[in-house]
2 protein chains.
Amino acid sequence: MRRMTARPANAHQARLLRLLRDGGPTSRAQLGDWMDLSRSRLAVEVDRLLDTGLVIADGLAASRGGRRSHNIRLAPTLRFLGVDIGATSVDVAVTNAELEVLGHVTQPMDVREGPVAVFEQVLAMAAKLRGSGVAEGFDGAGIGVPGPVRFPEGVPVAPPIMPGWDGFPVREALSQELGCPVMVDNDVNLMAMGEQQAGVARSAKDFLCVKIGTGIGCGIVVGGEVYRGTTGSAGDIGHIQAERDGRPCACGNRGCLEAYFGGAALARDAEAAAREGRSAELAARLEAAGSLAATDVAAAASAGDAAALDLIRDGGTRTGQVLASLVSFFNPGLVVIGGGVTGLGHNLLAAIRTQVYRQSLPLATGNLPIVLGELGAVAGVIGAARLISDHLFSPA
Amino acid sequence: MRRMTARPANAHQARLLRLLRDGGPTSRAQLGDWMDLSRSRLAVEVDRLLDTGLVIADGLAASRGGRRSHNIRLAPTLRFLGVDIGATSVDVAVTNAELEVLGHVTQPMDVREGPVAVFEQVLAMAAKLRGSGVAEGFDGAGIGVPGPVRFPEGVPVAPPIMPGWDGFPVREALSQELGCPVMVDNDVNLMAMGEQQAGVARSAKDFLCVKIGTGIGCGIVVGGEVYRGTTGSAGDIGHIQAERDGRPCACGNRGCLEAYFGGAALARDAEAAAREGRSAELAARLEAAGSLAATDVAAAASAGDAAALDLIRDGGTRTGQVLASLVSFFNPGLVVIGGGVTGLGHNLLAAIRTQVYRQSLPLATGNLPIVLGELGAVAGVIGAARLISDHLFSPA
DNA sequence: AGTCTTTGTCCTGAGACAGGAGAAAGTCCA
DNA sequence: TGGACTTTCTCCTGTCTCAGGACAAAGACT
């Protein structure tokens with residue numbers, strides 16, 4: 001099947017495509033109101049988009065007291081691929097042009113196996129989704145990787161947890177393989193975009209999105225746009241010092257937040273608690289599985305295990321301390337907590353909130369919601385689809 | 001004398017005005033190149049600006065191998081007033097349209113006397129400048145206040161060090177008094193704008209500007225624009241926790257950065273060192289003056305006093321610790337250190353640099369200059385003039 | 001003196017754009 | 001059932017915006 005080749009020819013067309021993406025099928029009149037453009041001018045641009053095939057006019061909407069309107073909508077055959085590469089697993093999903101998830105698969109994986117092995121797996125997963133009938137091909141793909149990215153080129157730079165990826169031309173390689181445009185970004189930024197597109201951050205302009213997975217990162221959104229920093233490492237808060245002369249961290253420093261919290265540290269601490277006899281619940285789970293993960297701590301905590309609860313509270317408190325500084329500095333309108341350990345749920349959230357509300361300036365916390373992300377594992381893939389659609393729905 | 005009433009009618013004209021402001025007198029041909037606009041289209045907009053009187057064409061430039069060009073420049077009679085209200089002093093300056101300082105006065109003052117008393121003084125200073133012949137009137141004024149501001153309305157909100165100012169309609173009141181448009185912002189943001197306009201940050205897009213005066217604040221510039229946060233308190237880093245369960249702070253919390261450093265804390269610590277006999281140099285100065293200020297510490301340090309050097313190093317280290325977190329988070333392309341205590345100079349800078357380069361991520365610090373501001377006291381007033389000129393040089 | 005370069009002006013044709021007239025296709029009420 | 005009213009969409013017209021080319025002005029260079 002032929003895939004999307006056309007691109008919007010001007011800013012009006014780009015804006016139309018995004019409005020249709022986020023607002024669904026819409027009449028010409030409605031679009032004119034939204035864009036603050038005369039109906040005559042708008043009609044021209046819509047007609048041009050119809051010519052390109054990027055949008056179609058199908059069916060008539062119900063009358064609202066007058067002539068029935070034509071539904072203008074994005075081409076129903078458009079398909080985006082969203083890929084979220086984590087430290088220990090990978091998510092691949094297919095969306096339509098409205099960024100609704102049509103198919104989604106998750107598999108365990110180890111990033112340290114390097115880009116070649118990982119992308120082989122990703123391509124197999126994409127092929128599987130295509131085989132299941134939700135897509136005949138892809139018009140674009142967004143890729144999230146767990147480390148800093150030189151965004152314009154789509155190349156990871158100096159990623160601590162994925163050494164083999166440094167400088168690998170992810171964007172170019174995948175674009176070749178998939179035969180469609182590809183954009184690459186940090187997984188945390190994609191989570192923020194996902195929650196902004198379809199989650200709790202829909203109406204937020206300036207917000208932070210803290211992802212607590214194997215590591216800890218923070219997506220920064222300024223004026224509705226992801227802020228990536230000068231070298232693409234903005235939001236890398238895992239190695240902010242949480243304790244002076246504290247625990248040694250893999251990065252070479254001491255007392256980093258990630259040395260105390262995040263999936264890896266949490267599992268380590270839980271195993272220690274089990275071995276030292278501080279928790280029968282955790283010890284039993286360690287006995288059964290041979291090792292522990294963040295989910296075990298969550299399960300133990302909801303079973304009332306005191307040691308597990310302590311671990312969560314302590315991690316939340318440390319995260320909250322760091323976050324309190326960032327809230328004072330950045331004065332966001334919303335803070336979203338997400339990532340693998342959100343299974344820890346409200347115990348974690350309560351600890352974070354307590355710390356932030358206590359330590360940050362009243363003016364900054366006065367009306368500051370701190371909430372859990374509502375999309376879970378699909379936040380990343382929706383963000384990835386949004387990334388590539390933002391790219392494709394911008395003037396050529 | 002009649003003052004500026006015209007405003008640019010469209011984005012082209014606004015851009016032209018800013019180019020002329022930042023680039024000085026320029027030929028039509030040069031402007032066309034800068035704006036990426038055809039000479040014919042540009043000529044139309046320039047002619048319209050000439051009609052409004054906002055710009056003039058005077059004299060001919062030297063030939064560059066062909067016909068000599070006309071110099072297009074901003075109206076030489078335009079005058080902006082820049083006001084920088086600090087905790088203990090106030091700066092007032094007059095600039096021309098190119099934001100060059102034509103006259104500048106500084107006076108001691110106490111913000112706690114409240115807005116009415118302070119503005120009486122400010123208006124007297126402005127009148128004095130006008131009397132000296134550098135201006136016959138003002139086309140606009142920018143005001144910096146030492147606390148958070150609700151920017152669109154130009155009203156201070158919940159300012160900790162200037163309680164009487166909460167909710168006072170600074171913008172409206174001064175606009176009445178001066179008879180010209182007024183914009184109000186946090187003094188730290190104005191310092192950042194000043195260094196961006198005419199100082200070390202001229203080419204920086206994303207940078208931080210740390211102002212260490214009586215208190216400590218941080219201007220945040222994203223993509224060339226000041227970021228103010230959701231409630232206008234972004235950059236308020238003085239009350240970030242520098243030490244767990246540390247010194248009590250005036251804000252009610254413990255261990256805030258401002259409890260350890262900044263002009264107030266530094267003076268307090270210096271007086272303590274003098275009284276406890278840890279520094280003969282500082283004791284002598286205390287004896288002579290009855291109290292100590294940051295400048296005394298600077299003088300003592302440059303005279304080789306060990307206790308003074310310790311104070312500076314300790315303050316720099318703590319500031320550096322906080323800044324290290326913010327650098328990891330924000331990944332700026334430049335960090336500027338300015339404010340009253342920059343007299344502490346390179347001892348302070350060295351301590352800050354050491355800490356940031358040690359604690360932040362290598363990717364974020366790899367090519368990160370940390371430098372002193374180069375404008376000193378005029379940074380704020382130039383920033384204030386820039387603020388109002390940005391406002392006036394934008395489409396009506 | 002002749003050629004080249006640069007600047008600035010003028011003109012033309014393509015496209016952007018708003019607003020109005022009016023046709024199409026419905027609702028609503030008597 | 002028919003007339004009045006609404007809403008949507010198309011078409012037309014006049015005004016701007018804009019690029020690019022032709023050309024004149026004014027000087028540099030040889």
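Reminder, nothing fancy here: chain letters follow the sequence lines and each chain counts from 1. Heavy atoms only: backbone and side chains are in, while hydrogens, waters and symmetry mates are out.
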A:D58 atom CG, neighbour heavy-atom count above 12 within 6.0 Å: yes
Greater than 12 external heavy atoms within 6.0 Å of A:R41's CZ: yes
Atom [atom1] of [X] and atom [atom2] of [N]: how far apart are they, to the nearest Å?
| X | N | atom1 | atom2 | value |
| --- | --- | --- | --- | --- |
| B:H70 | C:dT9 | NE2 | P | 6 Å |
| A:L42 | C:dG19 | CG | P | 14 Å |
| A:R48 | C:dC17 | CZ | C1' | 12 Å |

Per B:S27 side chain, nearest of listed nucleotides C:dT27, C:dG8, D:dT8: C:dG8
Nucleotide of C:dG19, D:dT10, C:dT7 approaching B:A29 most closely (side-chain heavy atoms): C:dT7
Between B:R28 and B:S69, a side-chain donor and acceptor under 3.5 Å: no
B:R79 side chain to B:T95 side chain, donor-acceptor N/O pair below 3.5 angstrom: no
Any side-chain N or O of [X] less than 4.0 Å from the OP1 or OP2 oxygen of [N]?
| X | N | result |
| --- | --- | --- |
| A:H12 | C:dA16 | no |
| A:R68 | D:dT7 | no |
| A:R41 | D:dC11 | no |
| B:R39 | C:dT6 | no |
| A:R67 | D:dT7 | no |
| B:S69 | C:dT7 | no |
| A:S38 | C:dA18 | yes |

DNA chain C: 5'-proximal contact among A:E45 and A:S63 (nearest heavy atom): A:E45
Most 5' of B:Q30 and A:G65 on DNA chain C, judged by nearest nucleotide: B:Q30
Plane angle bin for A:F330 and B:Y227 - parallel if under 30°, tilted between 30 and 60°, otherwise perpendicular: parallel
Sugar-phosphate, base or nothing in reach of B:S40, heavy atoms under 4.0 Å: base
Pairwise 5' ranking along DNA chain D for B:G66 and B:D36, keeping only the more 5' one: B:D36
